[in-house]
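Report on the following structure.
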Amino acid sequence: MRFASTRGGAPEVGFSAALVQGLAPDGGLYVPQQWPQLTLDSWPAASDLASLAEPLVQRFAQGDALADQAGSIVRDAFNFPLPLVPLEADGRLSVLELFHGPTAAFKDFGARFLAACMTRIRRGNPKPLRILVATSGDTGGAVAAAFHRRPGIEVVVLFPKGLVSPTQERQLTCWGDNVTSLAVRGTFDDCQRLVKEAFLDPQLQASAELSSANSINLGRLLPQAAYYVATSLAVWRSTGEKASFIIPSGNLGNSVACLWARQMGLPIADIVLAHNANRTVPDYLQTGVLRPRPSIATLASAMDVGSPSNLERMSWLYPDAAQLGQQVEAVSISDEQIRTRIVTDFAARGQVWCPHTATAAEAYELLPAERRAAGRWVLVGTAHPAKFREIVEPLIGRPVEVPDNLRRLFELPSQSTEIDASLAALRKVIG
Ligand SMILES: *Cc1c(COP(=O)(O)O)cnc(C)c1O
């Protein structure tokens, strides 16, 4: 399969090249030239993620050196569970827990998949590969964990100083070895801009081969599409109904992946994007006018994005707001609503949400009762609440149990370098 740039000004490339480049040379994002269509019967009968992801990866990598390694890649990447946990006895509402990987957030899927691919692509290559990753919290930790100590690969993590939770910061700065952590004096949007500028900078391009692991990287989206494949097939096989997903959304990588899965013919009904107070996308769908703006800080900090990169991929599929509005809906959830939802669902069901997943739980409650009763709703659980214990614990009035993988990370010493939000400052540290 070949991949084109959303901006149409770059040559088409194969799977490995799209992964290594991250961003297309014209500044656009890579999108597949055509959609593999698999009939519902042609997916493997197995239900585990690796078995279902393998034919998906094979098709995307068709004609590329990685196609033959699809099986080993998905088994290397997806080595942790993906539970779909019912929340109500009638099975109409459940939560897809995407937080059982090494850093307890859904970004582990993309990061581990990318690391598995990159390691195989770079085997035997003498030039180092430098992966630049801007993070609003979870991406950087997941990428650092996935690439830590992989030979021939360096990782540079840029995060907005003071705008990630102390728990998240620990995960961004506990690695050392081939991982450099930069605390940028600015916002997530500044970090993202710096990464984009670095890619266009000859000096930085000369010192190493550059790649990105942000949710703009095709290699992040594909494994995310795979869990929508696995989940929608599981619901379809057990009930004969299509699943509807409510997705906590920021930079829109997770939701583009869900759209892609539906595009490939998977049994997916509605897709609801739950945003926090950064309402660029809900406003776009409502008014038809796209007005990117600076991000504002919320409790669901990993979704604090005022100018979502992956909107470009959505607009490539559905060029105006009216068309996109027929495919997805979007709501904005305030900090107050997040707090109340965490308190209420703990009291009513003993369920502890992270602030991001709470936006999905709240978006569900805002649906009309008829729609709730008629659908097979899946809340997409994007992070373990222990990653946001500073927020969650005061609300529920008790400690959140910390999973073992996180506990081990929390015990490592922290190391980072503070820089201004300028290309010159970045050059000084990694040029
Ligand atoms: C990154 C992240 C999101 C937002 O996902 P996007 O793909 O950027 O829309 C939501 N929740 C958590 C916990 C995250 O880490």
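One-based numbering, in listed order, for ligands and for the atoms of each. Computed from a predicted model, the values in this text were never measured in an experiment.
- Using a 4.0 Å cut-off to heavy atoms of Asn251, the atoms of ligand 1 that qualify are 6 (P), 8 (O), 9 (O).
- Considering backbone and side-chain N/O of Ser249, none are found under 3.5 Å from N/O of ligand 1.
- The backbone N or O of Arg185 sits nowhere less than 3.5 Å from a side-chain atom of Asp420 that would complete a donor-acceptor pair.
- The closest approach between any non-hydrogen atom of Ala105 and ligand 1 is not below 4.0 Å.
- Residue-ligand proximity: Phe106 is placed with a non-hydrogen atom under 4.0 Å from ligand 1.
- Ligand 1 has no nitrogen or oxygen under 3.5 angstrom from a nitrogen or oxygen of Cys354.
- Of all atoms in ligand 1, listed by their number and element, those nearer than 4.0 Å to a heavy atom of Ala383 are 13 (C).
- The minimum heavy-atom distance linking Gln21 with Val13 is given by the pair NE2-CG1, 4.1 Å.
- Of the N and O atoms on the side chains of Thr167 and Glu390, at least one donor lies less than 3.5 Å from an acceptor on the other residue.
- Distance alone, capped at 3.5 Å, places no donor-acceptor pair between the Arg112 side chain and the Asp108 backbone.
- Partners of Glu209 under the side chain to side chain donor-acceptor pair (under 3.5 Å) rule, at least two apart in sequence or in another chain, are Arg122.
- Between Thr382 and ligand 1, at least one N/O pair is under 3.5 Å apart.
- Considering backbone and side-chain N/O atoms, Gly250 comes within less than 3.5 Å of an N/O atom of ligand 1.
- Taking distance alone, with nitrogen or oxygen atoms compared against 3.5 Å, Lys107 approaches ligand 1 more closely than that limit.
- Close approach of ligand 1 to Pro248 (heavy-atom distance below 4.0 Å) involves ligand atoms 4 (C), 10 (C).
- Of the polar atoms of Leu252, at least one N or O is found under 3.5 Å from an N or O of ligand 1, judged by distance alone.
- Near Gly253, meaning under 4.0 Å from any of its heavy atoms, are these atoms of ligand 1: 6 (P), 7 (O), 9 (O).
- Checking only distances, His356 never comes within under 3.5 Å of ligand 1, N or O to N or O.
- Residue pairs meeting the ring-ring contact (aromatic ring centres under 6.0 Å, His included) criterion with at least one member in residues 385-418, sequence neighbours excluded: His356-Phe388.
- Heavy atoms of Ser255 come nearer than 4.0 angstrom to ligand 1 in no pair at all.
- Judged purely by atom type and a 3.5 angstrom limit, Thr6 uses its side chain to pair as donor or acceptor with the backbone of Leu29.
- Side chains of Thr119 and Arg150: a donor on one and an acceptor on the other come within 3.5 Å.
- When all heavy atoms of Asp190 and Gly186 are compared, the closest pair comes out as OD2-CA, 3.3 Å.
- Counting atoms of ligand 1 from 1 in the listed order, those under 4.0 Å from a heavy atom of Met303 are 3 (C), 4 (C), 10 (C).
- If you number the atoms of ligand 1 from 1 as listed, the ones under 4.0 Å from a heavy atom of Asn254 come out as 7 (O).
- Proximity of a side-chain donor or acceptor of Asn310 to a complementary backbone N or O of Asn251 within less than 3.5 Å is detected.
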